[in-house]
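Following: one structure in structure tokens, then a few remarks.
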Protein chains: 2
Amino acid sequence: MYDGPNIVPIAALIGDQARAAMLTALMSGEARTATELAAVANITKQTTSAHLSKLVDAGLVVVASQGRHKYFQLADDDIAQLLESLMGVAEKTGAVRFRPGPNDPELRAARVCYDHLAGELGVALYDSFSKKQWIKTSKQADDLKVELTTAGKKQLDEIGIVLAVKKNSRRPICRACLDWSVRRHHLAGVTGAALLNHCYEKKWAKRLDDSRVVQFTQRGESAFRKLFID
Amino acid sequence: MYDGPNIVPIAALIGDQARAAMLTALMSGEARTATELAAVANITKQTTSAHLSKLVDAGLVVVASQGRHKYFQLADDDIAQLLESLMGVAEKTGAVRFRPGPNDPELRAARVCYDHLAGELGVALYDSFSKKQWIKTSKQADDLKVELTTAGKKQLDEIGIVLAVKKNSRRPICRACLDWSVRRHHLAGVTGAALLNHCYEKKWAKRLDDSRVVQFTQRGESAFRKLFID
DNA sequence: TACATAGTTCGATCCTAACCGAACCATCTC
DNA sequence: GAGATGGTTCGGTTAGGATCGAACTATGTA
């Protein structure tokens, strides 16, 4: 008895405390894992999984699988704008605000992600390799394929970086990996691992005990940037 | 664990079939009664009443009481825009459309509302009286107070319209009455009744049997418009 | 005055959906 | 390989809220 698209399912999805918390957390445009979102919403993994399925099914959220992780993002800028609209209306009628959590600057700067470099430095590396055309990316049905170009191979060879390519290994030479702090891609795969290893060997950086922090020396970071980024 | 105003209550309110139907029906900006909204949502009066209370409490909808009727409207243009936003998102993910109902052009043109004139002609009358300053309006704590000015009294007197004011009657001389077809005010009260009566006496118009339609003759409508509206 | 209509309140029912524990699969680490 | 971690599936519990019948108030009609 009324006209227009059916807004009920969408509004109902947003109208749940846990899902709203997740969606709000995604409003920055950055991707988050299911576990992170579970923490944000303060619910168990199972419940989070169910919620995320619904959000993805409804098209509010998209997901990118990466190894055993799943990175979730708002599907669209329109979704963020809708949430903004809702906040605008909510603000008028009795706003309740929450406080942001702390964070670790060192972790954001540089850390290991499995066996390769993540954080601001890792993202800068990826961007630079891409700009210099040492790597090239192509989209392949939901998957981002990253390859080392011949130019890239040659450069790494000259620098003295050896790629430990095992036979019969399924591990890709290059891989794009979503960064949790910067929320953009950094370089993973065999190449990413080799590069981080190079940093250790050259004593440019070392890993902090009991932490994922990769601590560069001043000289080390300089050398790293000069060689790979600038 | 997230920031910004709390969007959950608002979204949850919209995320219900019945309430969404009502809100959508109100999107034209026109006011509707609770009973009308019950029909739109296809639920009983009781349930409608409960829904409308929530919508009013949340500030999404405002209400104007008028005798035994309550006219509901969206509180704000922002609300309509929010609903538009939602429809935009809904459209992308699988839109379901409904069909509008029929209507009766004659009823919309002119009809009785209790004992006074409603419809396009009634609203035109009210607007004209207001413009000519025959009536003046003032807001009084949720209520719209309408009074006949001395100029207005004089004009009506000259035309030969007698106001049947009974002693001890609570009935106001003038009243603004929300029009269901045009959804704006028309003139009610003793004055409104006297004016409609004048139309009958002058044979400008007659009431159709078994209907609320007031049918003006061509000459009648001309005379009416010339005297009161133009 | 009696009657009709608009809307509300109360109480009870009933269904959906959020939630968690437990067990499971998949991926990465050692 | 064993162990750890990220995520899903299944089953059962529970709470919230949408709904209606019945009884009520308030307003207007005859």
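Chain A is the first sequence line, chain B the second, and so forth, proteins listed ahead of strands; every chain is numbered from 1.
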If you restrict it to nitrogen or oxygen atoms, what contacts under 3.5 Å exist between nucleotides 18-25 of chain D and the protein, and what is each distance?
from	atom 1	to	atom 2	distance (Å)
D/dA18	OP1	B/Arg19	NH2	3.0
D/dA18	OP2	B/Arg19	NH1	3.1
D/dA18	OP2	B/Lys54	NZ	2.6
D/dT19	OP2	B/His51	NE2	2.5
D/dC20	OP2	B/Thr44	N	3.1
D/dC20	OP2	B/Thr44	OG1	3.0
D/dC20	OP2	B/Thr47	OG1	3.1
D/dG21	N7	B/Gln46	NE2	2.4

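At whole-Å resolution of the value, CG in A/Leu55 and C1' in C/dA17 are 14 Å apart. Here D/dG6 presents its P atom at 6 Å from CZ of A/Arg68, a figure rounded to the nearest Å. In this structure, the CZ atom of A/Phe72 is 9 Å from the C1' atom of D/dG7, given to the nearest Å.
Applying the side-chain contact (heavy atoms from CB on, under 4.5 Å) rule to B/Ser130 yields the partners B/Ile135; only residues at least two apart in sequence or on another chain are considered. Judged as a side chain to side chain donor-acceptor pair (under 3.5 Å), and not counting sequence neighbours, B/Ser53 has no contacts.
Side-chain contact between B/Leu60 and B/Ile10: present, with at least one pair of heavy atoms (C-beta onward) separated by less than 4.5 Å. In this structure the side chain of B/Leu52 reaches within 4.5 angstrom of the side chain of B/Leu55, judged on heavy atoms. Within the 4.5 Å cutoff, side-chain heavy atoms of B/Thr33 are placed close to those of B/Tyr71.
Distances shown here put a side-chain N or O of B/Lys70 below 4.0 Å from the OP1 or OP2 atom of C/dT8. One finds a side-chain N or O of B/Thr35 lying less than 4.0 angstrom from the OP1 or OP2 phosphate oxygen of C/dG7.
Note on ring orientation: taking the six-membered ring where Trp is involved, the planes of A/His198 and A/Phe228 are perpendicular (angle over 60°, cut-offs 30° and 60°).
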